[in-house]
Each structure stands twice: as C-alpha cells, then as structure tokens.
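Written out below as structure tokens is the structure these notes cover.
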Amino acid sequence: MSSPRVRFAPAPTGFLHVGSARTALFNWLFARHHGGEMVLRVEDTDAALKTQEYVDAIIEPLRWLGLDWDSGPHFQSDRRDRHSEAIERLVDGGAAYYCDLTRAEIEERCAAAGLPAGYHGWSRDRDVADGPGVVVRFRCPDDGTTVVDDIVRGRVSFPNESLEDFVIRRGDGSPTFHLANAVDDHDMGITHVVRGEDLLNTTPRVQLIWQALGFGALPHYAHLPLLVNAKRQKLSKRRDDVALDNYRRRGYLPEAMVNYLALLGWGPPDEVEIRPLDEIVELFDLDAVKPAPAFFDPARLDHINSAYISEFTPEQFAARAEPFLTGPDAPWPAECYDRATVEALAAEIQQRIAHLDEAAGWIDWILCPDVTYDEKAWHKSIVKGRAAAEVLEAVEAQLTDDDFTSAERLEAIVMGVGDELTESLGQRVRSQPPVRVALTGTGSGLPLWEPMRLLGKDQTLSRLRKAMSRL
RNA sequence: GCCCCCAUCGUCCAGCGGCCUAGGACGCCGGCCUUUCACGCCGGUAACACGGGUUCGAAUCCCGUUGGGGGUGCCA
C-alpha cells in the first residue's frame with residue numbers, strides 16, 4: 001500500500017472516551033504499519049468547544065497512551081472559510097438549497113400530508129432566500145443507491161430514497177460535520193477514514209457531498225466495531241466508566257491499556273495477546289479487524305494490567321507506583337513515605353495487585369505510624385485464636401533480645417513460639433495469625449517476616465504490647 | 001416506523017470448504033504448592049443462534065428467521 005494518510009477526528013467533549021482511544025489507536029496502528037501518516041483534527045464545528053482545556057483533554061490522554069501524529073492538531077473551526085465556500089458552491093450548482101422551516105413546521109407539514117416523520121424535501125421548490133436563521137440543505141437523489149465500500153464490512157448499500165435532505169449549514173451559518181468532514185478529508189489528503197460503526201450511516205451523506213463537490217476518488221472507509229458494555233449497548237458517557245483518564249488515575253498502565261484496546265476487534269495471528277506495541281504495529285492490519293461489537297471487559301483489562309505490573313523490576317515498580325504512594329490520597333503522612341521499603345517489597349506487592357492504586361493497601365501498616373485493627377480479624381485470631389495471649393507475650397519477650405536484622409530469624413522465633421505452645425498445651429497453636437493481626441491489623445497480607453523486619457523493633461514491640469493491653 | 005450493521009465457549013480472539021471429536025486467553029470450578037493472602041503449576045466447565053439451500057463435504061458460501069446493536073438532529 002502506498003503511504004496511507006489517516007486522521008483521528010474527535011469532538012472536544014471534555015475528556016477522551018475509551019472508544020475514541022480505540023479508534024485513535026487503530027488509525028495509528030494502520031498508519032504506522034504501512035509507513036503512513038496520521039492527522040489529528042479536532043471536530044469543533046460547535047466552535048465554543050475550542051478551549052485549551054478541551055483540547056488538552058484530548059491531547060494529553062493520547063500522549064499518555066504513546067500515540068503521536070504527524071500533522072495537527074487542526075481545528076475544524078479554523079477552516080470556516082473553506083467550508084462556507086464549499087456550501088456556496090453547492091448552492092450555486094443546485095446541489096443544495098435554502099430552507100427556513102423549523103422542526104415544528106416540518107412536523108406540521110408531515111401530519112397535514114399524512115406522511116411519516118421526516119423532512120421530505122419540503123423547501124426544495126419553495127425558493128427560499130438566504131437570511132438569518134435559514135439553513136442550507138443538501139439535495140439527496142430520490143432513487144438509486146449509494147454504496148460504501150468498507151474494509152471491515154465489505155460493500156454496504158443504502159437506498160437513496162431512505163436519505164433525507166440533510167442540513168449542511170446551520171441557521172447561524174456554521175457548517176455541520178458532514179460538510180466539514182468531506183471538505184477537510186479532501187483538503188488534508190486523507191486516504192483512509194477509520195472510525196466507529198456508529199458513523200456508518202452518515203457515510204453516504206459525506207460521499208454525496210464529496211461527489212457533488214467534484215473531489216474525485218473517495219477515500220477508503222473502515223468502520224470499526226463498537227465497544228459495548230455488559231448489556232451490549234454502545235459505551236456511554238452517562239452510564240459507563242469510559243473516561244480514559246479515570247483508568248490512568250486508578251493505576252492502569254498506558255502500555256497495558258493500549259495492548260488491551262488493540263485486542264478489541266482484532267487479534268494477532270499467532271494468538272500471543274500480551275506483547276509490546278512495536279510487535280502489534282508489525283502484525284496489525286485493518287482487513288483483519290472483526291465486524292462484531294466487542295465488550296469492554298474490565299476483568300480482562302485487569303488481567304493484562306497485572307501482567308505488565310508483574311514484569312517490572314523492583315526499581316521500575318517503585319518508580320511507576322510512586323505517584324500513587326506519595327499523593328494526597330496516600331494513607332500515610334507524606335513524611336512517612338519510604339521508597340526503599342517499597343522497593344524491598346516490590347516483588348511481593350506486584351504479584352498481588354491489578355492496578356497501581358492498590359499498592360498502598362499492602363504496606364500502609366508499615367508506613368503509617370499506627371495500626372488500625374480490622375475487628376473481624378481481631379476477633380478471629382486474637383479473641384478466639386487459641387492461646388493468642390500467650391503467643392503475643394512469648395513473642396514479645398523473645399523479640400526483646402533480637403537485633404532485627406534477619407527476617408529468617410524473626411520467622412524462626414515466631415514459629416518457634418507456636419511449636420512450643422503446641423507441645424505444652426497438647427493442641428495445635430498457630431502463632432502467626434495473632435502476631436499478624438497485632439502488627440498489621442488484618443488477617444492476611446504480605447509474607448510477614450521481611451515486612452516485620454522493615455517495620456523495626458520498636459514498632460513491633462510496641463504493637464505487640466498494644467495488642468496485649470487491648471485484650 | 002424506516003435505514004444500516006452484527007451473530008463461534010459467560011467474555012475477547014483463532015478458524016477464512018476437508019487439518020474441527022472447534023484452538024488460545026480471561027473468568028469460573030477443582031487439585032497441587034503454601035502454617036496468611038497471592039503468585040506459580042496441573043486439570044475441568046463451556047460455543048459454531050435457528051431453518052432452508054449450494055457442495056462429495058459447511059462453523060466457514062447463499063437465502064430466510066430469530067435475537068442483539070447502531071442510526072434516524074440546525075450532536076459528532
């Protein structure tokens with residue numbers, strides 16, 4: 001394929017949607033695979049949306065994902081003159097006409113004529129003059145078919161009689177996206193239009209405008225399957241968790257997110273799903289994209305994110321997790337944070353978390369100045385635990401003489417207490433649970449010994465005493 | 001209502017006429033490992049929506065049905 005040129009053309013809505021991110025990714029993968037170019041174009045026909053804040057809300061998540069572009073960001077609103085000129089040409093050539101009917105007037109006419117709801121070309125021959133509030137409508141052919149050759153779906157035909165004369169210029173003079181799309185894609189030399197399936201129905205309109213403007217050969221189209229929720233509805237801003245930034249904030253890694261997104265609607269031929277982006281670039285192509293909608297499955301995302309997290313070295317992990325351990329949401333006072341502790345326990349934490357914001361929960365008891373008891377665990381291991389008081393007492397006594405330099409020795413001491421009590425009482429005494437609850441506050445967690453060493457002698461002894469006095 | 005799209009395990013992907021008694025991954029269930037939790041390892045559960053064709057032969061091609069979804073705006 002000779003150097004394709006694609007575009008990612010999001011509307012500025014305040015944040016980047018995971019569905020849009022997937023569209024951006026597939027455009028990017030296609031461009032990079034074929035050595036082509038990607039254009040970023042902000043579809044702000046609504047003009048008021050061109051604020052730095054809204055633009056950043058698109059650009060920053062793209063950068064976070066590691067996607068780049070060769071041209072842009074361009075703004076549709078900056079191209080107003082080109083759009084107006086195209087509209088004039090269409091009106092002059094008879095391909096479009098003025099219309100001053102309101103929504104209500106259109107409905108009235110339909111009711112009076114006994115026609116189903118729709119526009120029915122009411123103003124085609126009314127010879128309306130241009131003026132404030134007057135729109136421009138495109139005159140659609142009454143018969144024949146408009147065909148969209150889609151890379152993902154094959155040939156899709158639309159009977160022209162099902163197409164209404166649609167608006168290409170609003171009452172305020174601004175162009176609608178169908179018009180702007182055709183003009184911009186043409187002017188920017190777009191060869192492949194890759195976007196969501198929800199836009200498939202609008203393609204005939206854009207193609208009709210394209211042809212009426214004499215733009216020549218149409219670009220190729222590829223309509224990607226929609227991303228859906230568990231109920232198989234299109235992901236929606238209102239009911240679904242779709243803001244990419246939310247995932248970032250919860251500690252999903254960009255490399256994991258991009259990897260997962262690539263797997264929705266596409267799969268590598270060798271079935272190796274978790275792999276670096278450059279390999280995906282090499283393997284990806286649009287003709288291998290599946291047409292069926294794909295469920296955005298959080299469980300699968302978690303799995304992939306976990307896989308990436310577990311690959312980190314301790315240093316990498318500590319660096320990547322740091323934003324989640326030092327921010328205002330960290331459970332400990334800022335001055336208690338200690339990177340060395342994180343690195344020392346990294347491997348153990350890594351295999352237990354699916355996203356980085358879970359890291360703090362495994363070590364908060366070490367970095368926080370005090371313990372918080374989980375009452376259920378307290379009850380189970382200390383109130384009802386066999387000989388728990390004796391265990392705490394014996395462990396405290398033996399630890400008083402230890403220098404706390406060896407995790408192995410700490411383990412031997414605690415477990416030894418359990419063995420001794422088991423023998424003297426003639427019943428199995430488990431020493432780890434009460435000690436764990438006394439130190440960490442909970443019944444389960446990291447393997448105790450190394451964290452205990454890191455907690456230090458003073459804290460360990462004082463927490464054991466605190467637990468004993470609480471009994 | 002009208003137009004359009006889609007249809008392989010619960011989910012994502014493989015399969016593009018014979019290699020399929022349908023493969024992988026996630027999830028789920030069971031076991032091993034382990035004096036916590038987890039990781040790891042082993043095993044299991046589970047699908048070609050239905051009905052017609054075409055063909056020597058269909059998960060794969062065609063038609064229909066059913067089901068799901070999308071669009072039907074002076075949003076994109």
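So that the names make sense, note that chain A is the first sequence line, chain B the second, and so on, each numbered from 1.
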### Query
Picking from G70(B), A76(B), A14(B), which would you name as closest to the side chain of L226(A)?
G70(B)
### Query
Using a cut-off of 4.0 Å on non-hydrogen atoms, how would the nucleic acid contact of S157(A) be classed: base, sugar-phosphate, or nothing?
sugar-phosphate
### Task
Assign R436(A) to base, sugar-phosphate, or nothing according to its heavy-atom contacts below 4.0 angstrom with the strands shown.
base
### Query
Looking at F26(A), is R22(A) sitting on its ring face, NZ or CZ under 6.0 Å from the six-membered ring centre and within 45 degrees of the normal?
yes
### Message
It should be established whether R232(A) places a side-chain nitrogen or oxygen under 4.0 Å from OP1 or OP2 of nucleotide A7(B).
### Response
no
### Query
In whole angstroms, how far is the P atom of C16(B) from the CG atom of D287(A)?
15 Å
### P spacing across the pair U60(B) / C9(B), given as an integer number of angstrom
14 Å
### Query
Quick one: does K380(A)'s side chain get under 4.5 Å of V437(A)'s, heavy atoms only?
no
### Task
Just call it for P116(A): base, sugar-phosphate, or nothing, with non-hydrogen atoms closer than 4.0 Å on any strand.
nothing
### Query
In whole Å, what is the span from the CD atom of Q351(A) to the C1' atom of C37(B)?
10 Å
## Note on the structure
N229(A) CG to G68(B) C1', in whole Å, measures 12 Å
### Query
How close or far is atom C1' of G15(B) from atom CH2 of W266(A), stated in whole angstroms?
16 Å
### Query
Atom CG of N181(A) to atom P of C75(B): distance rounded to whole Å?
15 Å
### Query
Can you tell if the side chain of L163(A) reaches within under 4.5 Å of the side chain of L208(A), non-hydrogen atoms only?
yes
## Note on the structure
Using Watson-Crick geometry (N1-N3 plus N6-O4 or O6-N4) or G-U wobble (N1-O2, O6-N3), each under 3.5 Å, C2(B) is paired with G71(B)
### Query
Nearest to the side chain of E271(A) - C12(B), C13(B), C37(B)?
C13(B)
### Task
Would you indicate what F177(A) reaches in the nucleic acid, counting non-hydrogen atoms under 4.0 angstrom: base, sugar-phosphate, or nothing?
base
### Query
Which part of the nucleic acid, if any, lies within reach of L446(A) when heavy atoms closer than 4.0 Å are counted: base, sugar-phosphate only, or nothing?
base
### Task
Give L199(A) one of three labels, base, sugar-phosphate or nothing, depending on what nucleic acid heavy atoms sit under 4.0 Å from its own.
base
### Query
Does R320(A) make a cation-pi contact with F317(A) (under 6.0 Å, within 45 degrees of the axis)?
no
### Query
Heavy atoms, side chains only, cut-off 4.5 Å: are N259(A) and Y308(A) in contact?
yes
### Query
With a 4.0 Å cut-off on heavy atoms, is V135(A) in touch with a base, just the backbone sugar-phosphate, or nothing at all?
base
### Query
Which base, if any, makes a Watson-Crick or G-U wobble pair with G40(B), both distances under 3.5 Å?
C32(B)
### Message
Please determine whether a side-chain nitrogen or oxygen atom of R300(A) lies at a distance below 4.0 Å from atom OP1 or OP2 of G10(B).
### Response
no
### Query
Is R195(A) touching bases, backbone alone, or none of the nucleic acid, heavy atoms closer than 4.0 Å?
nothing
### Query
Counting side-chain heavy atoms from C-beta on, which of U35(B), C13(B), C3(B) comes nearest to R430(A)?
U35(B)
#### Entry: First of R169(A) and E348(A) reached from the 5' end of RNA chain B, by closest nucleotide
E348(A)
### Message
Nearest to the A292(A) side chain among C26(B), C6(B), A76(B), which nucleotide is it?
### Response
C6(B)
### Query
For atom P, what is the distance between A59(B) and U54(B), given to the nearest Å?
16 Å
### Gap in Å between the two C1' atoms, one belonging to C28(B) and one to A47(B), rounded
16 Å
### Task
Compute the ring centroids of F8(A) and W69(A), then answer whether they are less than 6.0 Å apart.
no
#### Entry: G53(B) versus U45(B) - spacing of their C1' atoms, nearest Å
35 Å
### Message
When the C1' atoms of A22(B) and C13(B) are compared, how many Å lie between them, rounded to an integer?
### Response
14 Å
### Message
Heavy atoms only, 4.0 Å cut-off, all strands: where does P447(A) land among base, sugar-phosphate and nothing?
### Response
base
### Rounded distance [0.5 Å steps], CG in N305(A) versus CE in M257(A)
7.5 Å
### Query
To the nearest angstrom, how far is E161(A) atom CD from G1(B) atom P?
18 Å
### Task
Give a yes or no on whether a donor-acceptor pair under 3.5 Å exists between the nucleobase atoms of G24(B), that is its base, and the side chain of E273(A).
yes
### Task
Check every atom of U11(B), A7(B), C3(B) against the side chain of F295(A) and return the nucleotide holding the closest atom.
U11(B)
### Task
Go ahead and name the base partner of C50(B); Watson-Crick or wobble counts if both distances stay under 3.5 Å, otherwise write none.
G64(B)
### Message
I want to verify a distance call: between G69(B), C12(B), C37(B), whose nearest atom is closest to the E197(A) side chain?
### Response
G69(B)
#### Entry: Pairwise C1' distance for G18(B) and A7(B), with rounding to whole Å
24 Å
#### Entry: First encountered from the 5' end of RNA chain B, between G118(A) and G445(A)
G445(A)
### Query
Between K231(A) and G68(B), is there a side-chain N or O to OP1/OP2 distance below 4.0 Å?
no
### Query
Given C12(B), C6(B), G70(B), which nucleotide is nearest the side-chain atoms of P291(A)?
C6(B)
### Message
I want to check something: taking the side chain as every heavy atom from C-beta on, are V414(A) and L410(A) in contact at a cut-off of under 4.5 Å?
### Response
no
#### Entry: Sugar-phosphate only, base, or nothing, as touched by G265(A) at under 4.0 Å among non-hydrogen atoms
sugar-phosphate
## Note on the structure
By the Watson-Crick or G-U definition, both distances under 3.5 Å, U55(B) is matched with none
#### Entry: Strand partner of C12(B), provided both Watson-Crick or wobble distances fall under 3.5 Å
G24(B)
### Message
Nearest to the side chain of R153(A), heavy atoms from C-beta on, is which of A76(B), C13(B), C6(B)?
### Response
C6(B)
### Task
With heavy atoms under 4.0 Å as the rule, sort D150(A) into base, sugar-phosphate or nothing.
nothing
### Query
Expressed as a whole number of Å, how far does the C1' atom of G27(B) sit from that of G10(B)?
8 Å
### Task
May I ask you to say what P433(A) touches in the nucleic acid, namely base, sugar-phosphate or nothing, with a heavy-atom cut-off under 4.0 Å?
nothing
### Query
R103(A) side chain N/O closer than 4.0 Å to the phosphate oxygens (OP1, OP2) of G73(B)?
yes
### Query
Side chains of L90(A) and V136(A): closer than 4.5 Å at any heavy-atom pair?
no
### Task
Please examine the side chains of M415(A) and S431(A), heavy atoms only from C-beta on, and report whether any two atoms are closer than 4.5 Å.
yes
#### Entry: Pairwise P distance, A25(B) and G67(B) [rounded to whole Å]
35 Å
### Task
Please work out if S444(A) contacts a base, only the sugar-phosphate, or nothing of the nucleic acid, heavy-atom cut-off 4.0 Å.
base
### Message
Just the rounded figure in Å: distance from P of C74(B) to CZ of R137(A).
### Response
6 Å
### Query
CG of L200(A) versus P of G69(B): gap in Å, rounded?
18 Å
